[in-house]
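Structure record follows, encoded as C-alpha cells.
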Number of protein chains: 2
Amino acid sequence: MTAAQQEAAPKPSSDEISQQIVTDINKGALSPGEWLKQIDLEKRYGCTRIKVRDALTNLHSKRLVEHIPNRGYRVPQPDPLRIRQVGEVRALLECHAAVDVIALATDADIEILRGLAEDFKQAAYHGSSFAQIEANYAFHGKLYSFCRNDVLRETMLDLRQRGPAAPVGQWQTMDQLQKATQGHFDLIDAIEKRDLPLLQARITSHISGSSTAPDAG
Amino acid sequence: MTAAQQEAAPKPSSDEISQQIVTDINKGALSPGEWLKQIDLEKRYGCTRIKVRDALTNLHSKRLVEHIPNRGYRVPQPDPLRIRQVGEVRALLECHAAVDVIALATDADIEILRGLAEDFKQAAYHGSSFAQIEANYAFHGKLYSFCRNDVLRETMLDLRQRGPAAPVGQWQTMDQLQKATQGHFDLIDAIEKRDLPLLQARITSHISGSSTAPDAG
DNA sequence: TTTTTCTAAATTGGCGCCAATTTTGTGGAA
DNA sequence: TTCCACAAAATTGGCGCCAATTTAGAAAAA
C-alpha cells in the first residue's frame, strides 16, 4: 500500500473525496491556479475516476473550484473583492445568529469556547497554517451550533468554505494573527456580558478583519 | 421527433437539465414525494443517462432534491418549518440588499418594477400557479439585480429556489395571493420614498407572509 | 534566431455495460 | 383469507473504454 491510500480504506464516498480536496486546498497541497487533473487526484486519494469526477462536480456546484469545459477544474485564485463580499455576507448572517448564541450559550459552553480560543492561540504561535484554519473552524463551528435556524447554519457553513481560498492570504501577517486571536476572546467577553450589540459589532469587526488584506507599506 | 424533445435541440448541458427539472417541480409536473426515476427523466428530456445523473447530483448538492442511496432521488415534501427558516434568511439578506436598491434604483427602474408587479397581478388573477411563480421570480430578480455584492446576490438566488418547494403551498389561498400582489406595490412605494426602514419592514413582512402557512379555520 | 505549422501526447467528457440493491409479483403455508 | 417467503423484474450506482478537444513539442520556413 502506498502512502497515498493511507486514509479511509475501502469505499470513500464522493463527499469524502470532496472534503479531502478542500482540506488539501487549505493545507496548501493544492495551490491556487493549479489544475486539478483527474489522474493525479485518482492516485492521490487512491480512488476511482468516477469518485473524483463526482467530487469535482460537487465542489464546482458549491463554487469551490472553477470549471472550464474541456480544460478541467482548478483551484480558484483568491480574489480580494470576492473575499470581502463573502465576509460581508458572513458577518450579516453571524450577527443574526448572535441572538441565539446569547440566548442559548451556557456557562459551560462559554468555557468550551474559551478552550477553542486557546487552541487557536496556540496554533497561531506554534502551529501550521492549516492548524490555524482548523482551530478557527472549530471555534466558529461551536458558535454556529447554537443557531436554531438550520438553513441559516447551513448557509453559514457553506459560505465559510468560500472565504479566503487558501491559507496564503488569510492571515498573512503576525499582526493579523494576533488580531484574530484577540478577536475570539473579545467575542467570548461579549457573550458573557450578554451584550448583543457589542457581540454583533465585534463579529463584524472580527470577520471583516480576516477578510481584508493588510495595507501594503 | 416526439413532444418530449421539443426544447433545446442538440446538446443540453446538465445545468440546463437541472433547470428543467426545477421548472417541472415548480410547474407541478413532478410532485413532492415522487421518485425521480432516471429512465423517466431520460425520456422526458430526451437526453442521455449521464446528463440526468449529473443534473440530479447538482440538484442534490444544492439541497433541491433528496437522495437516498440505492433508492434514488425524489422531490422533497414541503416542510413548513424549513420554509419558514428559508424565509427568515431570505428576509435578512434582502433587507441588507435593500440599501443598494434604494441607492441605485432609478425612476426608470421603478417603472420596470411596476410593470413586473402588474405582471404578477395579472398572473395572480388569470394565470396558472406556474405563471405566478415565474412572475414573482421576475419581480424579485429585478430587485436582486441592484445588489452590488455578487456573493450576496448569488446566495439570495440559491436560497430562493429552496423556498416553498412546490406551487402547492406557496399561495394556497386567494387572500395570500392578494397580500403578495399588494406587497409588491408596497415595496415599490417604499423604494420611491427612498425610505430604507420602511422598505426593510415591508420586505420582511412580504417574505414572511409568503412563507407562513395560513391559519386553519 | 524567431515564428509558424503540423503532428503526437495527454486530458477531459460521454456512453454502454454489468453488478449490487431494492421493489414488485407470485406461490405456498398457517 | 391473511401472512410470509421466495423469485423475477426494475432501478440505481460503478467502472472501463473510446471519441473529442486541448496542449505540448518538434520540425520546417522566414
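Just so we're on the same page: letters track the sequence lines, and every chain starts at 1. Quick caveat: nothing in here was measured; it's all calculated off a predicted structure.
Remark: A/Thr48 is in phosphate contact with D/dC15, judged by side-chain N or O atoms under 4.0 Å from OP1 or OP2. A sub-4.0 Å separation between OP1 or OP2 of D/dG13 and a side-chain N or O of B/Gln38 is present.
At a threshold of 4.0 angstrom between heavy atoms, the contacts of A/Leu36 are confined to the sugar-phosphate backbone, with no base atom among them. At the heavy-atom level, B/Arg71 lies under 4.0 Å from the strands shown only through sugar-phosphate atoms.
Atom CG in B/Asp54 sits roughly 7 Å away from atom P in C/dG14 (whole-Å rounding). Look at CH2 on A/Trp35: it is 10 Å from P on D/dA24, rounded to the nearest Å. Distance, B/Lys51 NZ to C/dG16 C1': 15 Å, rounded to whole Å. Distance, B/Glu42 CD to C/dG16 C1': 11 Å, rounded to whole Å. Here the C1' atom of nucleotide C/dT11 and the NZ atom of A/Lys43 are 13 Å apart, to the nearest Å. Following rounding to the nearest Å, B/Ile68 (CD1) and C/dT21 (P) show an atom-to-atom distance of 17 Å. Between A/Lys37 atom NZ and C/dG13 atom C1' there is a gap of 17 Å when expressed in whole angstrom units. In this structure, CD1 of A/Ile50 is placed 14 Å from P of C/dG16, rounded to the nearest angstrom.
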Check your understanding: Checking side chain to side chain donor-acceptor pair (under 3.5 Å) for the pair A/Thr106/A/Asp109: CA distance, chi angles, key distance, verdict?
Key -> CA-CA 5 Å; A/Thr106 65; A/Asp109 290 323; 3.0 Å; yes

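Taking every side-chain heavy atom of A/His67 into account, C/dG13 is the closest of D/dT12, D/dG13, C/dG13. Side-chain proximity of A/Asn70 to C/dT21, D/dG14, D/dT22: nearest is D/dT22. The side chain of B/Arg49 lies closest to D/dG13 when the candidates are D/dT11, D/dG13, D/dC15. Closest approach to the B/Ile39 side chain among D/dC15, C/dT12, D/dT11 is made by D/dT11 (side chain taken as heavy atoms from C-beta onward).
Residues A/Leu64 and A/Gln161 meet the side-chain proximity criterion, which asks for heavy atoms closer than 4.5 Å.
Under the ring-ring contact (aromatic ring centres under 6.0 Å, His included) criterion, A/Tyr73 pairs with A/His67, sequence neighbours left out. In this structure B/Asp119 satisfies the side chain to side chain donor-acceptor pair (under 3.5 Å) test with no other residue, sequence neighbours excluded.
For DNA chain C, no neighbouring residue in residues 58-66 of chain A is found when judged by any heavy atom under 4.0 Å.
Residues B/Ser61 and A/Ser61 bring a donor and an acceptor atom of their side chains to less than 3.5 Å of each other.
Nearest-nucleotide assignment on DNA chain D puts the 5′-proximal partner with B/Arg53, out of A/Pro69 and B/Arg53.
Ring pair B/His184/B/His140 is perpendicular by interplanar angle, where above 60° counts as perpendicular and below 30° as parallel.
Taking the charged nitrogens against the carboxylate oxygens, B/Lys37 and B/Glu42 have no contact shorter than 4.0 Å, which rules out a salt bridge.
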